[in-house]
Amino acid sequence: MNFYITTPIFYVNAQPHLGHAYSTIIADTVSRFQKIAGNDVRFQTGTDEHGDKIAEAAARSNETPREYVDRISRMFRETWPPLHIEPDNFIRTTDANHINTVRSILQKVHDRGDIYFSEYSGLYCKGCERFLTEKELINGNCPDHLTPPEPITEQNYFFRMSKYQEWLIGHIEQNPEFIQPERYRNEVLSFLKEPLEDLCISRPTSRLTWGIPLPFDDKFVTYVWFDALINYLTGIGYPDGPDFARYWQGAEHLIAKDILKPHAIYWPTMLKSLGLEPYRKLHVHGYWNVNDTKMSKSIGNVVRPADLIEECGADSVRYFLLREMSFGLDSSFSDDALINRHNSDLANDLGNLVSRSLTMVKNFCDCKVPPAGAMRDSDRELAAAATGMVAEYRKQMEVFAFHRALREVWKVIAMANRYIVNNAPWELAKEPASRERLDTVLYTLLETLRLITLTLHPVMPATATKMKDALGVESPPDFDSQAQWGRLVPAAAVTPGAPLFPRLKKATPAPAPADNRARQSSQKAARPGRTERGKP
RNA sequence: GGCGAUGUAGCUCAGCUGGUUAGAGCAUACGGCUCAUAUCCGUAGUGUCCGGGGUUCAAGUCCCUGCAUCGCCA
């Protein structure tokens with residue numbers, strides 16, 4: 001099966017934060033997982049660079065829009081490699097081929113009669129880049145930006161979205177998996193019970209020039225959402241590149257809940273108008289709060305991925321984000337929670353298991369995979385749990401239930417730790433007569449570690465690679481050929497390494513909420529210059 | 001105001017189509033082991049399963065209602 005997993009293209013009006021990292025880590029994990037499952041996968045992320053807000057942000061920092069978007073887009077691009085995120089394509093909406101594709105699509109939709117010219121007057125909020133209704137206003141202000149909208153009358157081009165409303169309702173109803181989790185599907189369906197309005201897809205150049213000119217009227221540029229969504233097509237070479245036919249059928253978009261409407265409503269109707277099949281699935285995730293407070297610039301609690309990597313390493317961050325959040329729901333981030341997971345799940349449970357197992361193979365078996373003798377019940381029990389784990393893990397990963405998938409793995413890690421205590425290899429090692437038993441126990445342990453490693457590749461690629469190398473596994477990870485019990489070959493070399501996850505000390509003992517800001521700023525102060533551009 | 005979701009041990013949460021004495025992890029206390037990253041293993045718990053009413057032989061699990069929190073829409 002072919003897979004085309006995408007993140008949203010991130011709007012370059014802000015720097016990369018925890019939320020961006022979460023989306024992109026999920027996509028990377030899914031991409032790695034599907035590859036290991038033997039599928040043909042393409043993974044795309046990128047940046048969204050047109051619109052009012054970008055033009056204004058550029059003006060504020062005394063840059064041309066071009067300079068500004070180049071700078072911020074580069075920050076996004078450079079955020080991913082340290083998190084072990086490896087997209088196949090990083091797209092920018094200012095790329096020449098994207099601009100051409102958007103223009104050709106606009107022309108196509110126009111030719112089909114789905115775009116018309118009309119006058120519209122209303123209250124326009126620059127922050128939202130849209131017209132607001134009277135009822136939305138709070139004390140005459142935009143509820144989000146707390147500024148008064150401007151009354152504007154202008155002529156614009158509209159996309160006949162309403163024409164496809166009935167079709168869209170039918171498609172969502174007939175395809176229960178189209179929008180996931182179900183709560184968001186219900187939300188979209190309930191929104192669609194009301195008549196859909198047509199979508200204004202242009203902005204007059206008198207008001208905004210930082211956009212893609214309409215091919216049929218150069219006094220207008222394209223509305224930023226109409227431009228942005230098309231990235232999913234441009235990135236695989238629509239209309240006639242070979243990758244388009246190869247991947248579009250497998251398109252699965254991943255988004256945060258704030259951009260549900262453009263993806264669940266605008267986008268499928270645009271595709272329908274173009275005569276294309278809709279994407280296969282839309283996966284919607286929730287928000288990360290920080291210490292139970294909404295993350296925002298004004299509160300000053302924005303979490304930067306780079307700081308977390310510095311704190312405990314990329315793999316630990318990836319594990320935490322996937323393990324801690326039930327996909328689809330909101331969750332709360334805190335340094336304490338991150339460190340707790342790192343210490344208890346990674347250092348104590350997994351890291352220590354690897355360490356003690358490999359040390360015993362080194363001490364008792366001369367760093368070689370021992371031959372397995374006759375299996376006893378406790379061996380069979382662990383082996384069955386480990387092979388069962390891979391199957392259950394795959395099932396959960398396929399439906400984006402990352403927290404459940406990882407829980408299955410950690411059940412087996414706990415079981416392996418118990419298995420060691422129950423079989424006490426250090427006692428067996430004292431008695432030459434129990435040589436075969438010792439070998440069998442350690443072989444069973446190594447095999448269990450091998451299967452655990454297989455499941456960890458998508459989530460913690462660097463750690464899994466270290467484990468794989470330590471175990472002497474040579475071939476690249478692959479579920480079909482490596483999920484069976486007993487693949488390790490006796491006498492092969494085992495190479496113990498440094499601890500995978502050194503334990504971390506908690507930064508401060510249970511900081512009171514009021515202390516957070518002071519603490520964060522003092523942390524920043526402790527690392528002078530790290531955010532200053534161009535300073536050594 | 002309309003629609004929907006959620007409310008389970010100190011904390012974070014599991015509990016599918018109703019069925020034995022309500023579970024896991026973390027945190028806490030005590031005990032054990034020594035291969036291991038002061039790690040691991042065992043034992044001990046505590047819960048009006050938000051309140052109230054109802055259906056049923058049987059409800060955390062279904063229905064009604066109230067409260068609280070959140071989301072979408074208006």
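Below, chain A is the first sequence line, B the second, and so on; all start at residue 1. Basis for what follows: all heavy atoms, side chains included, without hydrogens, waters or symmetry-related copies.
- The only option from A:Val317, A:Leu308, A:Val302 that meets the side chain to side chain contact (heavy atoms under 4.5 Å, CB included) definition with A:Leu18 turns out to be A:Leu308.
- In this structure, B:A24 forms a base pair with B:U12, meeting either the Watson-Crick or the G-U wobble geometry with both donor-acceptor distances under 3.5 Å.
- The interatomic distance linking A:Asn343 (CG) with B:U37 (P) rounds to 15 Å, in whole Å.
- Relative to the side chain of A:Val421, the nucleotides B:A5, B:C13, B:C41 differ in distance, and B:C41 lies closest.
- Between B:C26, B:U34, B:G71, one nucleotide has an atom nearer to the side chain of A:Trp426 than all others, and that is B:U34.
- Atoms CG (A:Asn423) and P (B:C40) sit 19 Å apart, rounded to a whole Å.
- Proximity of A:Lys411 to the phosphate of B:G25: no side-chain N or O atom is located under 4.0 Å from OP1 or OP2.
- Atom P of nucleotide B:U12 and atom CZ of A:Phe320 are separated by 13 Å, given to the nearest angstrom.
- Base pairing of B:U17 is not made with any nucleotide, judged by Watson-Crick or G-U wobble geometry with both donor-acceptor distances under 3.5 Å.
- Judged by Watson-Crick or G-U wobble contacts below 3.5 Å, the nucleotide B:G42 has B:C30 as its partner.
- Regarding A:Leu353, its CG atom lies at a distance of 22 Å from the P atom of B:C33, rounded to whole Å.
- Residue A:Thr359 is classed as a sugar-phosphate contact, given heavy-atom separations below 4.0 Å to backbone atoms only.
- Between A:Phe178 and A:Tyr279, the ring planes lie parallel to each other; the angle is under 30°, not in the 30° to 60° tilted range.
- Look at B:C35: it lacks any Watson-Crick or wobble partner with both distances under 3.5 angstrom.
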Quick one: side chains of residues 185-195 of chain A, donor-acceptor pairs under 3.5 Å with protein atoms, not counting sequence neighbours, listed by atom name and distance.
{"unit_1": "A:Arg185", "atom_1": "NE", "unit_2": "A:Ile172", "atom_2": "O", "d": "3.4"}
{"unit_1": "A:Arg185", "atom_1": "NH2", "unit_2": "A:Ile172", "atom_2": "O", "d": "3.0"}
{"unit_1": "A:Ser190", "atom_1": "OG", "unit_2": "A:Glu187", "atom_2": "O", "d": "3.3"}

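- Using the Watson-Crick or G-U wobble rule with both distances under 3.5 Å, B:A68 pairs with B:U6.
- Checked against B:U39, B:G71, B:C26, the side chain of A:Ser344 finds its nearest nucleotide in B:C26.
- Note on A:Asp345: nothing from the nucleic acid sits closer than 4.0 angstrom, heavy atoms only.
- Using a 4.0 Å heavy-atom criterion, one finds that A:Phe501 contacts the bases of the nucleic acid, with or without backbone contacts as well.
- Each ring pair (Phe, Tyr, Trp, His ring centres under 6.0 Å) pair with one or both residues in residues 341-375 of chain A, not counting sequence neighbours, appears once here: A:His342-A:Phe501.
- Atom-to-atom, CG of A:Asp349 to P of B:A36 comes out at 18 Å; the value is rounded to the nearest Å.
- A:Arg503 comes within contact range of at least one nucleobase, with a heavy-atom separation under 4.0 Å.
- Separation of the A:Phe333 and A:Phe320 ring centroids falls under the 6.0 Å cut-off.
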Inset, instruction - I would like to know whether A:Thr448 and A:Trp485 meet side chain to side chain contact (heavy atoms under 4.5 Å, CB included); could you show each step before the answer? - result: CA-CA 8 Å; A:Thr448 302; A:Trp485 184 262; 3.6 Å; yes
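- For B:G15, the OP1/OP2 oxygens have a side-chain nitrogen or oxygen of A:Arg404 closer than 4.0 Å.
- Checked against B:U37, B:G15, B:C35, the side chain of A:Leu500 finds its nearest nucleotide in B:U37.
- Which of B:U37, B:C3, B:G71 sits closest to the side chain of A:Asn352 comes down to B:U37.
- A salt bridge is defined here as a Lys NZ or Arg NE, NH1 or NH2 lying under 4.0 Å from an Asp or Glu carboxylate O, and A:Arg380 with A:Asp377 meets this definition.
- Of the candidate nucleotides B:C72, B:A5, B:U37, B:U37 has the atom lying nearest to any side-chain atom of A:Ser355.
- Comparing A:Gly351 and A:Tyr184 along RNA chain B, the residue whose closest nucleotide (by nearest heavy atom) sits nearer the 5' end is A:Gly351.
- For B:A59, there is no paired nucleotide, since no Watson-Crick or G-U wobble pair has both relevant distances below 3.5 Å.
- In this entry B:G1 has B:C73 as its Watson-Crick or G-U wobble partner, both defining distances falling under 3.5 Å.
- Residue A:Asn417 is classed as a sugar-phosphate contact, given heavy-atom separations below 4.0 Å to backbone atoms only.
- At B:C72, none of the side-chain N or O atoms of A:Asn186 fall inside 4.0 Å of OP1 or OP2 (strictly under the cut-off).
- The partner of B:G47 is absent, by the rule that a Watson-Crick or G-U pair needs both atom distances under 3.5 Å.
- Among the nucleotides B:U37, B:G71, B:C40, the one closest to any side-chain atom of A:Asn348 is B:C40.
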